[in-house]
Amino acid sequence: MASFQFDVDTSPMARSIDNTRGNVNGVTAAVVAMQAAVIATEHAASKKICDNVDEGFYTLVKSQISQKAVAAYTEMTSKHVTLLQLAKAIENYKHVMENDFNMIARRYTKLFNSLNKALDIRVKELDRPAMHLAEIRKRIVFDKLKDDSSMLLSISGETLPVTQTALSGKLKQKTRETMNAMYESVYEDRTYSEKVDSILIKSETDSSSDANMCYVPVVFMVSDSLLNPGDNIENIFTAKNDVWQNVSPIVSEVNRINKDLTWSPSDSGNKDMIRREFIALCEKCHDEERVVKEMIRLFDESPWEDCK
């Protein structure tokens with residue numbers, strides 16, 4: 001059997017394949033670069049679109065707000081003009097009403113004056129004798145008194161009685177003024193003496209055992225200090241009146257003899273009586289209910305002692 005051997009040169013095909021592989025690699029690199037470029041372009045395009053959308057939304061909102069502001073300002077301006085017109089109209093109505101009132105007042109004044117005159121004439125016609133007598137008295141008595149010529153006395157004998165009457169009237173007036181001044185002076189002296197006697201100690205000749213004693217109410221209060229927990233604050237209170245305004249000597253004396261005083265628990269009767277008065281004062285005050293309740297609670301929880 002015959003055998004055949006062929007030698008084929010594959011060098012061109014190998015070179016072609018090598019060229020093809022290089023082209024394929026170039027295409028691959030181009031595709032990768034194009035993909036990266038496409039992604040970058042899409043990202044830039046999406047960012048630009050978002051920026052444009054945001055800017056458009058901002059511009060739209062700003063435009064709407066500006067339009068509303070302009071509309072509100074226009075409406076406010078129109079309202080202001082309307083209010084000015086209404087103010088002028090009201091002022092005009094006021095002037096018209098004042099003119100009408102003055103006109104009506106003048107008309108009714110004339111009407112009432114005419115009615116008064118008519119009524120006066122009718123009353124005079126009804127009481128003609130009495131009115132005639134009044135006219136005679138006015139003409140004879142009062143008109144002469146108002147006339148300066150009536151001061152001249154035609155008879156010399158009437159001068160002395162008139163002078164004596166005038167002097168007597170003037171003396172009586174001065175006497176009355178003097179008596180009033182003496183009464184006021186005596187009343188002031190008596191009032192002053194009563195006020196002084198009320199604050200002075202009675203004389204030793206008084207038979208009463210308490211004649212030389214003068215009692216003044218004093219409240220001695222001790223409270224805890226809010227700044228220093230271990231300290232106490234002492235306060236002394238006493239009553240004031242019109243006669244005794246300066247209570248500093250009483251407070252100083254009570255503070256001086258405080259250590260020598262003997263204290264004992266207060267009587268429940270006195271405390272109950274004072275508590276009733278305190279409750280009445282709390283009910284009359286206009287503070288809040290919580291404050292009133294707290295005041296009553298502090299009053300009930302505070303211990304009381306009397307000086308024996």
Side-chain angles (χ1 to χ4, degrees), residues 75-196 198 240-243 245 277 280-289 292:
E75 185 177 1
M76 183 190 70
T77 305
S78 62
K79 295 290 184 182
H80 182 68
V81 173
T82 304
L83 290 175
L84 291 177
Q85 293 176 354
L86 290 175
K88 292 181 180 179
I90 292 173
E91 190 68 23
N92 294 330
Y93 281 122
K94 179 182 177 182
H95 291 304
V96 172
M97 292 175 68
E98 287 179 352
N99 295 330
D100 293 341
F101 173 78
N102 293 328
M103 180 182 65
I104 295 172
R106 288 194 298 268
R107 184 174 61 191
Y108 277 101
T109 300
K110 294 180 180 179
L111 177 61
F112 281 114
N113 288 333
S114 62
L115 290 176
N116 289 333
K117 292 180 179 179
L119 291 174
D120 188 20
I121 294 173
R122 291 184 180 181
V123 170
K124 287 182 179 180
E125 290 295 330
L126 292 175
D127 296 335
R128 179 180 292 275
M131 298 301 296
H132 182 65
L133 181 61
E135 288 291 336
I136 294 173
R137 187 186 63 175
K138 178 178 179 296
R139 184 174 62 255
I140 296 176
V141 179
F142 294 104
D143 289 345
K144 286 186 177 181
L145 291 177
K146 292 187 292 183
D147 191 1
D148 294 337
S149 62
S150 64
M151 299 299 296
L152 298 176
L153 300 176
S154 59
I155 301 175
S156 60
E158 296 179 357
T159 305
L160 183 61
V162 172
T163 305
Q164 291 178 352
T165 303
L167 293 175
S168 177
K170 189 173 182 180
L171 180 61
K172 288 181 180 180
Q173 182 180 2
K174 289 184 177 181
T175 304
R176 185 182 62 182
E177 293 177 355
T178 304
M179 292 179 67
N180 290 333
M182 293 175 63
Y183 170 76
E184 292 178 357
S185 178
V186 172
Y187 179 75
E188 290 179 358
D189 292 341
R190 181 180 176 183
T191 305
Y192 178 76
S193 299
E194 290 178 355
K195 290 182 178 180
V196 172
S198 64
K240 293 182 179 180
N241 53 28
D242 296 336
V243 178
Q245 290 288 339
E277 296 295 332
L281 292 176
C282 291
E283 291 177 354
K284 293 179 182 179
C285 68
H286 300 285
D287 294 334
E288 297 180 359
E289 183 179 0
V292 175

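Computed from a predicted structure; not experimentally measured.
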Can you tell me how far apart [atom1] ([X]) and [atom2] ([Y]) are? Round to the nearest 0.5 Å.
| X | Y | atom1 | atom2 | answer |
| --- | --- | --- | --- | --- |
| E98 | Y93 | CD | OH | 15.5 Å |
| Q85 | H80 | CD | NE2 | 10.5 Å |
| T82 | M76 | OG1 | CE | 12.5 Å |
| D120 | N113 | CG | CG | 12.0 Å |
| N180 | T175 | CG | OG1 | 11.0 Å |
| L111 | N116 | CG | CG | 9.5 Å |

* R107 and K110: side-chain contact (heavy atoms from CB on, under 4.5 Å), yes or no, with the steps? -> CA-CA 5 Å; R107 184 174 61 191; K110 294 180 180 179; 6.0 Å; no
* Asked: Do the side chain of S185 and the main chain of M182 share a donor and acceptor less than 3.5 angstrom apart?
  -> no
* **Main-chain N/O of H95 paired to N99 side chain as donor or acceptor, under 3.5 Å** => yes
* To do: Apply side-chain contact (heavy atoms from CB on, under 4.5 Å) to E188 and T191, showing your working.
  => CA-CA 5 Å; E188 290 179 358; T191 305; 5.8 Å; no
* Is the shortest heavy-atom distance from the side chain of M97 to the side chain of K94 under 4.5 Å? -> no
